[in-house]
Amino acid sequence: MSTLTTRRDFFAVAGGGLVVALTAEAQRRGGGQGVPQDVSAWLHMGEDGAVTVYTGKVEVGQNTRTALSQAVAEELRVPIESIRMIMGDTDLVPYDGGTYGSLSTPVMSPQLRRAAATAREMLVEMAAREWRVEPASLHAAGGKVSGGGRSAGYGELARGRKLVREIPAQVGLTP
């Protein structure tokens with residue numbers, strides 16, 4: 001049996017095509033279990049109003065960082081400068097299947113939009129409970145919830161707590 005010492009030797013034996021390897025570590029970290037559906041897996045609202053977004057995707061020239069930041073900023077109705085992306089840090093981010101070049105934005109953007117829209121609704125509900133008003137009487141814009149002469153920033157409402165709620169399949173997205 002010969003030793004494979006070069007790529008050319010390897011492909012002469014294996015043939016052309018794609019080689020996929022799935023390790024036990026990938027299985028342990030959640031591979032194949034589906035994408036987490038809890039808001040706190042994807043977003044954290046800091047007390048200062050900064051939004052930290054978590055994704056297993058990485059920036060490899062396809063502009064994913066900007067596109068995903070824009071999607072979250074639009075749904076939360078915050079300036080894009082308030083978004084901080086944590087990408088590809090497997091100790092922090094949820095398992096989301098990894099980076100697949102041009103598929104990263106079309107696959108991840110809807111997930112993050114739904115998470116951000118759910119977070120926005122949660123923040124409106126927090127303000128409504130605190131102010132004892134109906135959520136429908138409030139609106140979210142500029143990183144704060146306002147209505148009835150009152151206003152509070154997202155950070156003030158969340159107080160650094162995790163936003164724990166399952167992301168519904170249908171949530172009111174920004175048109």
Side-chain angles (χ1 to χ4, degrees), residues 29-30 33-59 62-99 103-175:
R29 286 185 179 261
Q33 294 180 7
V35 177
Q37 291 302 312
D38 190 272
V39 172
S40 66
W42 304 103
L43 303 171
H44 178 74
M45 183 65 59
E47 290 185 52
D48 61 355
V51 181
T52 304
V53 180
Y54 302 94
T55 179
K57 307 299 184 230
V58 295
E59 176 65 59
Q62 75 280 42
N63 213 18
T64 300
R65 179 179 300 276
T66 301
L68 298 180
S69 294
Q70 288 172 330
V72 172
E74 183 174 73
E75 287 304 332
L76 279 174
R77 301 176 184 152
V78 299
I80 195 165
E81 297 80 27
S82 67
I83 305 292
R84 176 177 167 234
M85 296 292 296
I86 304 293
M87 302 179 81
D89 184 335
T90 56
D91 285 336
L92 300 175
V93 302
Y95 179 80
D96 64 13
T99 301
L103 288 179
S104 292
T105 298
V107 168
M108 208 63 248
S109 185
Q111 176 68 25
L112 291 177
R113 285 187 70 203
R114 288 180 34 249
T118 303
R120 183 186 69 237
E121 288 179 0
M122 291 175 71
L123 292 160
V124 167
E125 290 168 10
M126 288 176 191
R129 271 193 310 275
E130 189 173 313
W131 301 337
R132 295 186 174 108
V133 299
E134 289 298 317
S137 70
L138 304 175
H139 67 279
K144 59 186 173 186
V145 176
S146 303
R150 299 186 80 168
S151 181
Y154 290 167
E156 182 182 345
L157 292 166
R159 296 182 186 100
R161 296 174 291 198
K162 281 186 173 184
L163 299 175
V164 180
R165 178 178 291 171
E166 187 168 325
I167 303 165
Q170 299 296 318
V171 61
L173 298 175
T174 301

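Atom set for the values below is all heavy atoms of this structure, side chains included, hydrogens, waters and symmetry mates excluded.
Gln170 places no side-chain N or O within donor-acceptor distance of the main-chain N or O of Pro168, the cut-off being under 3.5 Å.
For the pair Gly153 and Lys144, the tightest heavy-atom approach, listed with the atom from each and the gap, is CA-CB, 3.7 Å. Taking all atoms of both residues into account, the shortest heavy-atom contact from Val93 to Gly56 is CG2-CA, 3.6 Å. Considering every non-hydrogen atom in both Pro36 and Pro94, the closest pair reads CG-CB, 3.5 Å. Considering every non-hydrogen atom in both Thr174 and Arg113, the closest pair reads O-NH2, 2.7 Å. Between Ala119 and Val39, the shortest heavy-atom contact is CB-CG1, 4.0 Å. Trp131 approaches Ala152 most closely through the heavy-atom pair CZ2-CB, 3.7 Å.
Shown here are the side chain to side chain contact (heavy atoms under 4.5 Å, CB included) partners of Pro110, two or more places apart in sequence or in another chain: there are none. Evaluation of the side chain to side chain contact (heavy atoms under 4.5 Å, CB included) rule for Asp89 yields Ile86, Asp91, Leu92 as partners, not counting sequence neighbours. With sequence neighbours excluded, the residues satisfying side chain to side chain contact (heavy atoms under 4.5 Å, CB included) with Thr105 are Thr64, Ala67, Ser109. A search for side chain to side chain donor-acceptor pair (under 3.5 Å) contacts involving Thr55 returns Asp96, not counting sequence neighbours. The salt bridge (charged side-chain N to carboxylate O under 4.0 Å, His left out) check on Arg114 picks up nothing, with sequence neighbours excluded. Evaluation of the side chain to side chain contact (heavy atoms under 4.5 Å, CB included) rule for Thr66 yields Asn63, Gln70 as partners, not counting sequence neighbours.
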Tell me which donor-acceptor pairs under 3.5 Å the side chains of residues 133-142 have, and how far apart each pair is, sequence neighbours excluded?
unit_1: Ser137; atom_1: OG; unit_2: Glu134; atom_2: O; d: 2.6
unit_1: His139; atom_1: ND1; unit_2: Ser146; atom_2: O; d: 3.4

In a table with atom names and distances, give each donor-acceptor pair under 3.5 Å that connects a side chain of residues 154-162 to protein atoms at least two apart or in another chain.
unit_1: Tyr154; atom_1: OH; unit_2: Leu76; atom_2: O; d: 2.6
unit_1: Arg159; atom_1: NH2; unit_2: Glu130; atom_2: OE1; d: 3.1
unit_1: Arg161; atom_1: NE; unit_2: Ala158; atom_2: O; d: 3.0
unit_1: Arg161; atom_1: NH2; unit_2: Leu157; atom_2: O; d: 2.8

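Expressed to the nearest 0.5 Å, how far CD of Gln62 lies from CG of Leu103 amounts to 10.0 Å. Residue Leu68 holds its CG atom at 9.0 Å from NZ of Lys57, rounded to the nearest 0.5 Å.
Residues in residues 115-129 take part in these salt bridge (Lys or Arg N to Asp or Glu O under 4.0 Å) pairs, two or more places apart or across chains: Glu75-Arg120, Glu125-Arg165. Annotation: side chain to side chain donor-acceptor pair (under 3.5 Å) contacts involving residues 39-52, sequence neighbours excluded, comprise Asp38-Ser40.
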Stepwise side-chain contact (heavy atoms from CB on, under 4.5 Å) test for Thr99 and Met87: CA-CA 10 Å; Thr99 301; Met87 302 179 81; over 6 Å; no
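Counting only heavy atoms from C-beta outward, the side chains of Met45 and Leu43 never approach each other to under 4.5 Å.
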